[in-house]
Undergrad: 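Dropping a structure here in structure tokens format, bear with me for questions.
Order of the sequence lines sets the chain letters (A, B, ...), proteins ahead of strands, with each chain counted from 1. Fair warning: this is a prediction, and the values are worked out from it, not measured in the lab.
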Amino acid sequence: MFDWLQDLADWLVYGVFGIGESTKLGISLNFFFYDTLKILLLLLLITTLMGMVNAYFPIERLRDFLQRKKLFGLENLLASFFGAITPFCSCSSVPLFIGFVQGGIPLGVTFSFLITSPLVNEIALAMFIGLFGLKFTVIYAVTGILLGTIGGIVLGKMGLEKHLSEWVQNLIKSKTEGTSSFQAEDIPFLERLKLVVREAFGIVKSIVIYVLIGIGIGAAMHGYVPENFFAQYLGSGQWWTVPLAVIVAVPLYSNAAGIIPVIQVLVAKGVPIGTSIAFMMATIGLSIPEATLLKKVMTARLIGIYFGVVTLFIIISGYLFNLIL
Amino acid sequence: MQTIKILGTGCPKCKQTEAIIKEALAQSGKEAEIIKVEDIQKIMEYNVMSTPAVVVDEVVKLRGKVPSIQEILTLLD
């Protein structure tokens with residue numbers, strides 16, 4: 001599928017720039033051009049796809065659906081799934097959270113959405129397909145969705161409503177549902193596609209710098225770090241690598257665009273895949289800025305419990321991946 | 001005169017939205033009062049779940065995206 005891109009990168013680096021095919025600089029540069037082009041294309045494609053899904057199935061509709069239907073435990077899975085396919089913006093997470101609990105959707109179901117939304121997002125998926133291939137992308141997405149589902153169920157069972165901010169609790173009690181004054185937009189398909197593509201370009205433009213930095217660091221490591229460098233130290237799956245990676249990653253705030261290219265090289269050089277995925281999930285899925293935003297709607301204690309439960313599940317998934325893959 | 005409210009917690013997209021609305025007003029030569037609503041409790045009164053949202057005369061017209069100048073122009077009288 002991407003052969004022509006490889007040809008283009010070969011031609012550019014070895015032909016136009018005239019850098020030797022076996023030099024470290026040549027390998028690094030080739031890798032850089034190939035990955036950058038491929039990832040930018042995938043990012044555009046996937047953000048457009050998600051944008052279209054979102055245009056036809058806005059989050060308000062999911063909420064109405066969850067309100068009306070009894071799904072006997074499948075609510076968490078559904079909320080988690082939608083968390084994965086809706087475009088994520090950290091500044092939207094608080095309105096989403098309130099919108100859900102205000103609509104009478106159980107806290108656990110809301111958490112399922114909240115966990116998966118950053119964890120499995122369009123940017124991470126595009127980077128994943130580009131760097132790890134389709135199989136890993138599917139495994140990652142499925143794990144993320146299951147993690148959100150189970151995490152939400154566990155959090156829901158803990159009866160945490162009392163740890164929400166007071167005004168949110170009042171909101172739930174009064175059930176004053178804001179009058180739905182939203183007017184559905186009636187735009188023809190092609191017109192809509194045009195708007196979505198334009199927005200996708202905007203999104204990709206805003207993260208292109210992180211993609212370049214991430215791939216740049218990855219490319220440099222690819223050329224200069226010896227094969228199996230990490231395998232020597234971490235490759236035999238020492239038990240402590242997974243929790244360590246996760247604990248280091250939680251406070252580390254990086255967007256998927258910057259971190260995934262680096263992880264890919266770490267894996268190529270021998271870091272176990274489970275450890276890497278756990279690291280990635282913790283970096284992308286949990287962050288200090290998100291915690292700061294959530295402080296408006298929940299107490300520090302609830303944020304602690306929420307982060308704690310998700311961290312635990314990420315560590316468990318890390319072990320599972322190391323066992324299976 | 002129309003009242004245009006921009007709902008959003010102050011993220012970059014909300015600032016872009018404000019700039020676009022101002023640009024649309026300048027282009028059309030129309031006047032409107034622009035109010036930024038950044039308080040989450042007030043935002044939730046409009047029942048929007050994705051920001052930024054644009055409210056014209058208390059009716060939510062757009063939400064969850066940065067609008068284009070064209071879109072804003074169609075909302076103006």
Undergrad: Counting only heavy atoms not in Phe201(A), do more than 12 sit closer than 6.0 Å to its CZ atom?
TA: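 At most 12 heavy atoms, drawn from other residues, nucleotides or ligands, come within 6.0 Å of this atom.
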
Undergrad: Is it the side chain or the backbone of Phe100(A) that comes within 4.5 Å of chain B heavy atoms, both, or neither?
TA: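 For Phe100(A), the contact with chain B is made by backbone and side chain together.
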
Undergrad: What pair of heavy atoms forms the shortest contact from Lys296(A) to Ile40(B), and how long is it?
TA: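 It is CD-CG2, 4.2 Å.
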
Undergrad: Show the nearest heavy-atom pair for residues Ser68(B) and Arg198(A), with the distance to one decimal.
TA: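 That would be CB-NH1, 2.7 Å.
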
Undergrad: For the NZ atom on Lys22(B), are there more than 12 heavy atoms of other groups (residues, nucleotides or ligands in this structure) within a distance under 6.0 Å?
TA: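 Open: at most 12 neighbouring heavy atoms sit under 6.0 Å from NZ of Lys22(B).
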
Undergrad: Just verifying a value: how many Å separate Glu45(B) CD and Ile98(A) CD1, rounded to the nearest 0.5 Å?
TA: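 Answer for the CD-CD1 pair, Glu45(B) versus Ile98(A), is 12.0 Å.
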
Undergrad: Is the CZ atom of Phe81(A) crowded by more than 12 outside heavy atoms at less than 6.0 Å?
TA: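 Count not over threshold, so no.
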
Undergrad: Counting only non-hydrogen atoms closer than 4.5 Å, does Val66(B) touch chain A with its backbone (N, CA, C, O), its side chain (CB onward), both, or neither?
TA: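 Val66(B) touches chain A through backbone heavy atoms alone.
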
